[in-house]
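Have a look at the structure below, then the notes.
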Amino acid sequence: MKGVGLRRLTFMFLVAFLVWSSSIETCIARKSKHWRQRRHAASVSLYKKKTKDHSHGHHNYHNGGTKTKPPPYKTTPPSPKVKAPPSPKPKVKVPSIPPPQKGYGNGQQSKVFDVLHFGAKGDGKTDDTKAFQAAWAAACKVQASTVVVPAKFIFLVGPISFSGPYCQANIVFQLDGTIIAPTDSKPWGKGILQWLEFTKLKGITVQGKGIIDGRGSGWWLDAPYEDPYDDERKLIIPLNNTVQERPPMPARNELSGKMPSIKPTALRFYGSFNVTVTGITIQNSPQCHLKFDNCIGVVVHDMSVSSPGDSPNTDGIHLQNSKDVLIHATSLACGDDCVSIQTGCSNVYIHNVNCGPGHGISIGSLGKDNTKACVSNITVRDIMMHNTMNGVRIKTWQVSLQSSLPHHKRTSSLEESNCKHGLGK
């Protein structure tokens, strides 16, 4: 009995201890819970204050945004990583691009001026004279500019002057197409001495693979047979061993009307320095094909002249009052002198030229009406002559001792007293 009572007492004591321990843990848990809640509330309050201070200057970019709740198990929440809002892109006003102007490109002044961009049609029927004038006027203002006459087009152009003296230097006339002269008498008026003219320029170059076609058959029909004056027609070597009193001329377009008596030169340069002509072909000029007057520093090479051997007064290259001239690697076929050298010329060098048909290479005629004629330092060498009337000759007018002496009479001798410099070579 005594042992049973002791066990019961021990059991009851153990149960009481367990009940007491359980109440103590519950109390401690409640106190710990309240302490954590107070600590958490204080941390959240501090976090809100810091966040408010940090985002005071950026509230415009976070309106309506949600706040991140810190995890309850951390005593000190980390500072949130706030991404800086993207900077707004400034609105740049893009200017409208103006349409390209004639002769200009990429907003900068161009150096290339195509006649097509100035209204030329290039169909061989429309008069493109004004378009050529406009293209030249624009190129004239730009140094080392280029006027382009493009290939595969035929441009009908009337009498025109590409003139200075206020043009910039070193202009290039790039001729790759074909320029044809009017066959109507109206554009020529009562008569014009030149068709295409370049005047008072410094450093002008005409180059390319194009053609200048004077379409001179209408003019040739009206040429008097008394010209040339020394009746050179009798000396022409016929190609078929027959001499015709009046050789046939190409048929004229009856719609063209009668041409004026003054016949124009196809291409003329006047009062210019450093002139170059290369690559092009000049054909069927009404009179001289290529003329240089009062020019200094002339170079002609790798170009050609072409017209029938019986076309009257169609000199290939005519020089007058020009100095420092070089002509080489050129083919000249015409109805008069392949090269004619008039008064006032000096330092002329001609070599490796193909001449014929034609009248050869001539100096003169010099000293008409007893005038002084000065020609000096002329060199002609390595010339291929074929079907020509002469080789190289000097033509002078006879000194008139009597007023009744006909002016068309000539002598083969040069009156050197008329020129103090004499004849060079």
Side-chain angles (χ1 to χ4, degrees), residues 164-165 169-170 193-194 197-206 265 267-278 282 287-303 305 313 315-330 332 334 336-355 358-383 385 390-399 410-425:
N170 302 322
L193 293 175
Q194 49 274 329
E197 183 183 34
F198 293 85
T199 66
K200 300 179 181 179
L201 299 169
K202 295 181 180 179
I204 176 67
T205 299
V206 176
T265 293
L267 179 60
R268 181 194 185 218
F269 295 86
Y270 173 78
S272 298
F273 298 86
N274 298 332
V275 182
T276 300
V277 178
T278 179
I282 308 175
Q287 195 169 350
C288 293
H289 287 78
L290 178 59
K291 180 182 288 187
F292 298 94
D293 193 356
N294 280 285
C295 293
I296 299 176
V298 175
V299 178
V300 179
H301 66 95
D302 296 290
M303 58 88 62
V305 166
N313 303 312
D315 292 39
I317 300 176
H318 183 86
L319 304 176
Q320 184 171 338
N321 295 315
S322 295
K323 301 177 181 180
D324 303 328
V325 179
L326 172 62
I327 302 172
H328 67 98
T330 296
L332 305 173
C334 55
D336 209 310
D337 297 329
C338 293
V339 180
S340 59
I341 303 170
Q342 287 283 358
T343 183
C345 293
S346 62
N347 298 333
V348 178
Y349 186 35
I350 304 171
H351 70 96
N352 296 102
V353 170
N354 187 10
C355 173
H359 296 184
I361 296 178
S362 300
I363 298 175
S365 300
L366 303 175
K368 185 177 180 179
D369 297 328
N370 295 335
T371 58
K372 181 183 293 186
C374 300
V375 176
S376 63
N377 197 20
I378 310 298
T379 301
V380 178
R381 54 171 295 180
D382 299 328
I383 307 298
M385 301 279 188
N390 306 283
V392 178
R393 60 178 176 168
I394 299 174
K395 300 187 295 183
T396 62
W397 290 84
Q398 179 178 334
V399 178
R410 299 184 185 183
T411 178
S412 59
S413 63
L414 175 64
E415 297 290 341
E416 294 189 15
S417 60
N418 286 340
C419 180
K420 62 181 180 180
H421 298 291
L423 180 64
K425 296 182 180 179

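Starting from 1, each residue takes its place in the sequence as its number.
Annotation: side-chain hydrogen bond (donor to acceptor under 3.5 Å, both in side chains) contacts of Ser362 (sequence neighbours excluded): Asp337, Arg393. For Cys355, the disulfide (SG to SG under 2.5 Å) partners are Cys338, not counting sequence neighbours. Partners of His301 under the ring pair (Phe, Tyr, Trp, His ring centres under 6.0 Å) rule, at least two apart in sequence or in another chain, are His328. When the ring pair (Phe, Tyr, Trp, His ring centres under 6.0 Å) test is applied to Tyr349, the partners found at least two apart in sequence or on another chain are His351. By the ring pair (Phe, Tyr, Trp, His ring centres under 6.0 Å) test, Phe198 is found to be paired with Trp136, Phe162, Phe173, Phe269, residues two or more places apart in sequence or in another chain being considered. In this view, Asn274 satisfies the side-chain hydrogen bond (donor to acceptor under 3.5 Å, both in side chains) rule with no residue, not counting sequence neighbours.
You'll find the side chain of Thr265 stays beyond 4.5 Å of the side chain of Leu193, heavy atoms only.
Atoms CD1 and OG, from Ile317 and Ser340 in turn, are 9.0 Å apart once rounded to the nearest 0.5 Å. Note that CD1 of Ile350 is 5.0 Å distant from CD1 of Ile361, once rounded to the nearest 0.5 Å. Rounding to the nearest 0.5 Å gives a distance of 4.0 Å between CG of Asp336 and CG of Asp315. With values rounded to the nearest 0.5 angstrom, Ile296 atom CD1 is found 7.0 Å from Asp324 atom CG. Going from atom OG1 of Thr379 over to atom CG of Leu326 covers 11.0 Å, rounded to the nearest 0.5 Å. In this structure, CZ in Phe273 is found 7.0 Å from NZ in Lys202, a value given to the nearest 0.5 Å.
Minimum interatomic distance between Ile204 and Ser272 (heavy atoms only, all atoms of both residues): CG2-CB, 4.5 Å. Across all their heavy atoms, Val392 and Met385 have their closest contact at CG2-CE, 4.2 Å. The two atoms that bring Thr330 and Asp302 nearest to each other are OG1-N, 3.7 Å, heavy atoms only. Across Leu366 and Val375, no two heavy atoms sit closer than the pair CD2-CG2, 3.8 Å. A pairwise comparison of heavy atoms in Phe292 and Ser322 identifies O-OG, 3.3 Å as the closest pair. Nearest heavy-atom pair across His289 and Cys334 is CE1-CB, 4.3 Å.
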Exercise. Between Met303 and Leu290, is a side-chain contact (heavy atoms from CB on, under 4.5 Å) present by the stated rule, with each step listed?
Worked result: CA-CA 11 Å; Met303 58 88 62; Leu290 178 59; 4.1 Å; yes
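Among Gln194, Gln320, Arg268, the single residue meeting the side-chain hydrogen bond (donor to acceptor under 3.5 Å, both in side chains) criterion with Asp293 is Arg268. Checked against Val339 for a side-chain contact (heavy atoms from CB on, under 4.5 Å), the options Val305, Val348, Leu332 give a single hit: Leu332.
Not a single donor-acceptor pair under 3.5 Å links the side chain of His318 to the backbone N or O of Ile341.
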